[in-house]
There are 2 protein chains.
Amino acid sequence: MTTIYDVSKLAGVSAKTVSRVLNEPDRVKAATREQVQAAMKALDYSPNASARQLRLGGFSSIGLLLEDPASGYQSRFHQALLTACMEAGKYMTVELFEGVMPDWKARVDRFLTEGRVRDLILLPTLCDFAPLKELLRERGARAVLIAPSVHDPHFPSVVMDDRAAARQIIEYLFSLGHTRIGHITGHPDHSASILRRSGVIEAYDARGLPRPKSELFASGDFMFKKGIEAAETLLSLPEPPTAIFAANDETAAAVAMVAHRRGLSIPGDLSVVGFDDAPIASAVWPQLTTIAQPYLEMARKVVHLVDAWDQQSTQSGFVSTYLTPHELVIRESSGPVSKA
Amino acid sequence: MTTIYDVSKLAGVSAKTVSRVLNEPDRVKAATREQVQAAMKALDYSPNASARQLRLGGFSSIGLLLEDPASGYQSRFHQALLTACMEAGKYMTVELFEGVMPDWKARVDRFLTEGRVRDLILLPTLCDFAPLKELLRERGARAVLIAPSVHDPHFPSVVMDDRAAARQIIEYLFSLGHTRIGHITGHPDHSASILRRSGVIEAYDARGLPRPKSELFASGDFMFKKGIEAAETLLSLPEPPTAIFAANDETAAAVAMVAHRRGLSIPGDLSVVGFDDAPIASAVWPQLTTIAQPYLEMARKVVHLVDAWDQQSTQSGFVSTYLTPHELVIRESSGPVSKA
DNA sequence: TCGCTTTATGACATCGATGACATTTGTTAT
DNA sequence: ATAACAAATGTCATCGATGTCATAAAGCGA
């Protein structure tokens, strides 16, 4: 790596002069400047960002650990966070954190050091991975959690009310006359799966209806493929449901695909609703009724929390959870139960 | 900002000891370690990444400028690059570059300095934005281009053969008996749009068929919404096509949706093929026949080029273009022309 | 040409953390 | 109890760039 000294030597000037050429070119005589520039070109010099920053005062990008960037949920947040960072004039460095790697500790360490990251953002399910959070505390790193399943007193978090949203969806289906409603759960490791499921039951309880039989709950994992199996299971029941609430949009899209294959019309024969308002929700046919999470709002809040942490660093021991609102988006995939 | 010295003072030890607690905790007596950790907690200390890196030797993350992270194409590359970076032990910092901002120069400058980035990756259409490339050269920044429309002698690039792939798709449709094939073009600013379109024509020429009438070319922009309009246009023709080749998968998904709405079966009444093998291609019904780009291969090559640049920095003036292979993926959305 | 102001350049300290080496403290074996 | 060695901690220099202040060179009026 060539340094400012190499350049200064070749150009026959002092390092400071090279620095001036870089930062305040007008303060250097034209002839000298050209010599220095020539030297820089010849050595393919580019300044060391760390040194510069050390001198000028620290900046640091926000780190994002992603488990599965292909998942609609994570990529949606990823985008929202990028936007929020841009608005706030911050930068984000992304690292893949693939679950059960034996060397995950070393990788996180390396990320904090070499990735020049101090503040981390954790999405589900990482935000519930206790050993990771412990490591971060040891390292003096900070983190903001998005949708953790339980509040952690050490880290601020931003959440939405999954249970209430799921309940709202079911109540909406009730209002369309559905009473036999299937639910495809999410990945068992996500607290959201449990919350959404319990929201379903809560809706039944609140209406004074008997809880749905267990056959109406099929297990999924938030992914398209598993969604297909789950949909097949539900639709093969002797008495299939008239509506299916999938734990996320990708799963709902799978349900729609299976329904089409079986010649069922949506929403005529089957109503399908998803959760997340992922891009896929408006790209499939018919477009999915779903719960829209305020991704951008949440992302902004997260970035803001990181900032706040920087400022009032003295006032420690004060972390909180922010609840953000959701919205039921009614599209084409849901309708009144057929009279047949 | 609290430094290691503040901590050392409060804990009553030397800075070096604090450093040890951080980096080799085992070499510090338990009692001391706890005192230091308490001090760190009390001061909400976190180490300065710049200083650490300066001392340890320079690392720098690779910068990625994204115009539209919501686009399937960009997000697909984004993911592939993340994976490739992980494999190579590098980090990636992402910045949104929203087209025509008046202050884009300042933002790029800031990205290079504060974002601690030296090497940049440019995707279409940024990789063809001449003023940006010029700025990068001035700043001594390096860049690798993905799928630029023309080779730039200053930057290495990685490309695929869009024209040949498009031709291959059309020849495949020919082989199924289609002769009346509609094409929805991509965004006019992307060279890929032009190449894919000319691949279509090339296929006709190669077969000695008359070139398709202009009514069979509808203009799109790679996005779902515009794809709907274009599909409506094509399918409303007095003599509609029996197959539609959309310039990307999102557009193809839109075609599928419109076809469903009109009661056309796929591939019975209409074959639909896309391009990119985006996630949506296998999430819609029926799953789309498409061209798979070797995203990961390309990403690996890009990261490797960045590395190579670091090593043989002396040997400048040597940049090249790498052509990567593509593959036709046949799924459910294409079939023989109906005998009607 | 001399003294004085500007302009151009250089020497040195500094940012915060860590490596190399020095020193102190603790432990074990005799 | 003491040499001998290991463990724990400290001192100082260093990474690369830039701010501060000092110095050298250039410009300029009389």
Side-chain angles (χ1 to χ4, degrees), chain A residues 1-37 39-40 43-60 109-110 112-118 139-141 310 313, chain B residues 1-37 39-40 43-60 109 112-118 139-140 310 313:
Chain A
M1 193 53 53
T2 69
T3 76
I4 202 169
Y5 297 101
D6 302 320
V7 175
S8 72
K9 212 171 296 170
L10 180 61
V13 298
S14 79
K16 181 69 212 188
T17 299
V18 177
S19 169
R20 286 201 185 91
V21 170
L22 238 37
N23 297 292
E24 11 175 34
D26 298 338
R27 308 196 57 74
V28 178
K29 198 163 54 171
T32 317
R33 193 192 321 153
E34 277 156 29
Q35 258 195 336
V36 170
Q37 281 168 337
M40 295 199 306
L43 295 173
D44 191 23
Y45 166 77
S46 67
N48 178 311
S50 305
R52 208 167 188 166
Q53 278 183 244
L54 174 56
R55 198 62 183 74
L56 296 178
F59 312 97
S60 71
D109 260 341
R110 220 173 74 81
L112 293 174
T113 315
E114 303 185 17
R116 284 170 265 209
V117 159
R118 172 178 35 216
R139 292 293 181 272
D310 256 350
S313 58
Chain B
M1 193 51 56
T2 69
T3 77
I4 201 169
Y5 297 101
D6 301 322
V7 175
S8 71
K9 212 171 298 171
L10 180 61
V13 298
S14 79
K16 180 71 212 187
T17 299
V18 178
S19 168
R20 284 202 186 90
V21 171
L22 239 35
N23 297 293
E24 11 175 35
D26 299 337
R27 307 196 58 74
V28 178
K29 195 163 56 170
T32 317
R33 192 189 324 150
E34 277 154 30
Q35 258 194 335
V36 170
Q37 282 167 337
M40 295 199 306
L43 296 173
D44 190 24
Y45 165 77
S46 68
N48 179 312
S50 304
R52 210 163 185 172
Q53 277 185 242
L54 174 58
R55 196 61 183 72
L56 296 178
F59 312 96
S60 70
D109 259 342
L112 293 174
T113 315
E114 302 184 19
R116 286 169 263 210
V117 159
R118 175 179 31 219
R139 292 292 181 275
D310 256 349
S313 58

Distance test, side-chain N/O of A:Tyr45 to OP1/OP2 of D:dA17, below 4.0 Å: yes
Nearest-angstrom distance from the residue atom CD of A:Glu24 to C1' of D:dT18: 9 Å
First and last nucleotide of DNA chain C, 5' to 3', lying under 4.0 Å from heavy atoms of chain B: C:dG16 to C:dA20
Distance-only check: which donor-acceptor pairs under 3.5 Å involve side-chain atoms of residues 24-37 of chain B, not counting sequence neighbours?
from, atom 1, to, atom 2, distance (Å)
B:Arg33, NE, B:Pro25, O, 3.3
B:Arg33, NH2, B:Val28, O, 3.2

Whole-Å distance separating the CZ atom of B:Arg27 from the P atom of D:dA6: 12 Å
From A:Leu43 atom CG to A:Ile4 atom CD1, the distance as rounded to the nearest 0.5 Å: 12.0 Å
Nearest-nucleotide comparison on DNA chain D, the residue closer to the 5′ end among B:Ala30 and A:Asn23: B:Ala30
B:Asp26 CG to D:dA7 P, straight-line distance once rounded to whole Å: 12 Å
Rounded distance in Å - NZ (A:Lys29) to P (D:dA25): 11 Å
Selection: residues 7-22 of chain B, any non-hydrogen atom under 4.0 Å of DNA chain C: B:Lys16, B:Ser19
Under 3.5 Å donor-acceptor pairs involving side-chain atoms of residues 7-20 of chain A, not counting sequence neighbours:
from, atom 1, to, atom 2, distance (Å)
A:Ser8, OG, A:Tyr5, O, 2.8
A:Ser14, OG, A:Lys16, N, 3.3
A:Ser14, OG, A:Thr17, N, 3.3
A:Ser14, OG, A:Thr17, OG1, 3.3

Axis bend over the full length of the helix from C:dT1-D:dA30 to C:dT30-D:dA1, computed from five pairs that close each end, to 10 degrees: 30°
